[in-house]
Amino acid sequence: MELTIDQPFDLESTLESGQAHRWKKVDGWYSGVVRGEFIQIRQKGQVVEFCSGPSPEATAAVMLRDYFRLDDDIHAIYSDIGRDSRVAAMVSKYPGLRLLRTEPWECLVAFICSANNNIARIHQLMERMSDEFGNPILLNGQTRHTFPSPADLAEAGEAELRRLGLGFRAPYVDQAARAVLAGKLDLPALVRAPYPEAKAALMEIKGIGSKIADCIAVFSLDKLEAFPIDVWIRRALSEWYFPGQKTPPDRVLLEWAQEHFGRYGGYAQQYLFHGQRLQKKADR
DNA sequence: TTCTGCCCTTGGCA
DNA sequence: ATGCCAAGGGCAG
């Protein structure tokens, strides 16, 4: 089935920008599992072609439009974050890099796993947890697994998670799974909650600090104003906006970024992050 | 209260 | 080879 897209959209940079962790490139197609659907997808110009299962493709098409945030007014967003000239330059260099609307529980686990870790290994851990504790789905002769539910991972427990290689993050994921099961952490409710409230609730979980809470908020809870500050962004902000100064503490950087980048700060952050990484890749 | 330094699992990379 | 680093956070002092 095909999706016709009448706005800036770049499948490759969007799927490979560190927001989603279960996409593999297999002969020109991206293969992944989104919200329980096995998706194989590729882009040719403004046309996106995909196969899906187990649900019918018409159902998956609706789901994918939501996943890719095609409901965003991307021109208004680009215009807003483009008030910053560095972001504007990156938007014109990489048009179509989008935020995704990922599943909150899966996103939460992925970003707990991101602590002091690299993207390749986060992908590996997410895939191992799925293979071990998720349910199999078959499509075009290939098998993938759904991402395990909180109950699945709570049942697996800390020791099993360590065995998969989560290391010191294993107890954090275990505890988060139990909090969701016990109703102490209500992720669907946080989608509707205001950003500060959602962030505070996430930070009650051990292993979720300010940065990881902001990642979960922007990628899965519809908080487009959230602005995750990681090593790349800290470096970029320090070098570009506070040159010749000692790097301000994150609290100060965050306050400044909220004010400077505004209500679509999450989009601006994604461009800064992606631009920095591509630049480094190009330098080598 | 806020800041600093150290530790934590694992593995890819130079 | 072996030390560094990786979309950080917890904890002690």
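A, B, ... follow the sequence lines: proteins, then strands. Residue 1 opens every chain.
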Given atom [atom1] of [X] and atom [atom2] of [N], what is their separation to the nearest angstrom?
X	N	atom1	atom2	result
A/Q270	C/dA7	CD	C1'	9 Å
A/L272	C/dA7	CG	C1'	13 Å
A/L164	B/dT9	CG	C1'	13 Å
A/I233	C/dA6	CD1	P	14 Å
A/L254	C/dG8	CG	P	16 Å
A/F273	C/dA6	CZ	P	11 Å
A/N116	C/dG8	CG	P	7 Å
A/F168	C/dA6	CZ	P	14 Å

**Message:** Regarding A/E49 and A/R42, does a basic nitrogen lie under 4.0 Å from an acidic carboxylate oxygen?
**Reply:**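 Yes, charged N to carboxylate O under 4.0 Å.
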
**Message:** Salt bridge check, A/R144 against A/E127: does any charged N sit closer than 4.0 Å to a carboxylate O?
**Reply:** yes

**Prompt:** Between A/R169 (side chain) and A/L166 (backbone), is there a donor-acceptor pair under 3.5 Å?
**Reply:** yes

Atom pairs, protein N/O to nucleotides 1-4 of chain C N/O, distance under 3.5 Å:
none

Verify the cluster assignment for [X] and [Y]: are they in a single hydrophobic cluster under the rule of side-chain heavy atoms below 4.5 Å apart?
X	Y	result
A/F219	A/Y30	no
A/L97	A/L64	no
A/L224	A/V191	yes
A/I122	A/F133	yes
A/I5	A/V34	yes

**Request:** Show your working on salt bridge (charged side-chain N to carboxylate O under 4.0 Å, His left out) between A/E132 and A/R163 and close with a plain yes or no.
**Result:** CA-CA 11 Å; A/E132 291 267 343; A/R163 182 177 63 77; 3.1 Å; yes

**Within residues 117-134 of chain A: residues closer than 4.0 Å to DNA chain C (heavy atoms)** = A/N117, A/N118, A/I119

Side chains of [X] and [Y]: donor-acceptor distance under 3.5 Å anywhere?
X	Y	result
A/D80	A/Y267	no
A/S149	A/D152	yes
A/D72	A/Y264	no
A/E37	A/S52	no

**Item:** Rounded distance in Å between the P positions of C/dC11 and B/dT9
**Value:**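 Their P atoms lie roughly 13 Å apart.
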
**Asked** Which value, in whole Å, describes the distance between the P atoms of nucleotides B/dA14 and C/dA7?
**Response**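 14 Å, rounded to whole Å.
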
**Message:** Counting only side-chain nitrogens and oxygens, does A/R235 get under 4.0 Å of the OP1 or OP2 atom of C/dA6?
**Reply:**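 The answer is yes; a side-chain N or O of A/R235 sits under 4.0 Å from OP1 or OP2.
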
N/O contacts under 3.5 Å, protein versus nucleotides 2-5 of chain B?
residue : atom : partner : partner atom : Å
B/dC3   : OP1  : A/R251  : NH2          : 2.9

**Message:** At less than 3.5 Å, do the side-chain atoms of A/R162 and the base atoms of B/dT9 form a donor-acceptor pair?
**Reply:** no

**Prompt:** Mind checking whether A/Y195 and A/F227 have ring centres under 6.0 Å apart?
**Reply:** no

**Request:** Sort and list the pairs that fulfil salt bridge (charged side-chain N to carboxylate O under 4.0 Å, His left out) and have at least one residue in residues 180-192 of chain A, not counting sequence neighbours.
**Result:**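 The answer is none; no pair qualifies.
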
**Prompt:** Going by the angle between their ring planes, with limits at 30° and 60°, are A/W23 and A/Y67 parallel, tilted or perpendicular?
**Reply:**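 Geometry flag for A/Y67 against A/W23: tilted rings.
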
Protein-nucleic acid N or O pairs under 3.5 Å, nucleotides 9-13 of chain C:
residue : atom : partner : partner atom : Å
C/dG9   : OP1  : A/G209  : N            : 3.1
C/dG9   : OP1  : A/G209  : O            : 3.4
C/dG9   : OP1  : A/K211  : N            : 3.4
C/dG9   : OP1  : A/I212  : N            : 2.9
C/dG10  : OP1  : A/G207  : N            : 3.1

**Asked** Going through the checks in order, is the side-chain contact (heavy atoms from CB on, under 4.5 Å) test met by A/S210 and A/D250?
**Response** CA-CA 9 Å; A/S210 175; A/D250 286 356; over 6 Å; no

**Message:** Wobble G-U and Watson-Crick pairs count when both distances are under 3.5 Å; given that, what is the 5' to 3' dot-bracket string of DNA chain B, with | for pairing to other strands?
**Reply:** ..||||||.|||||

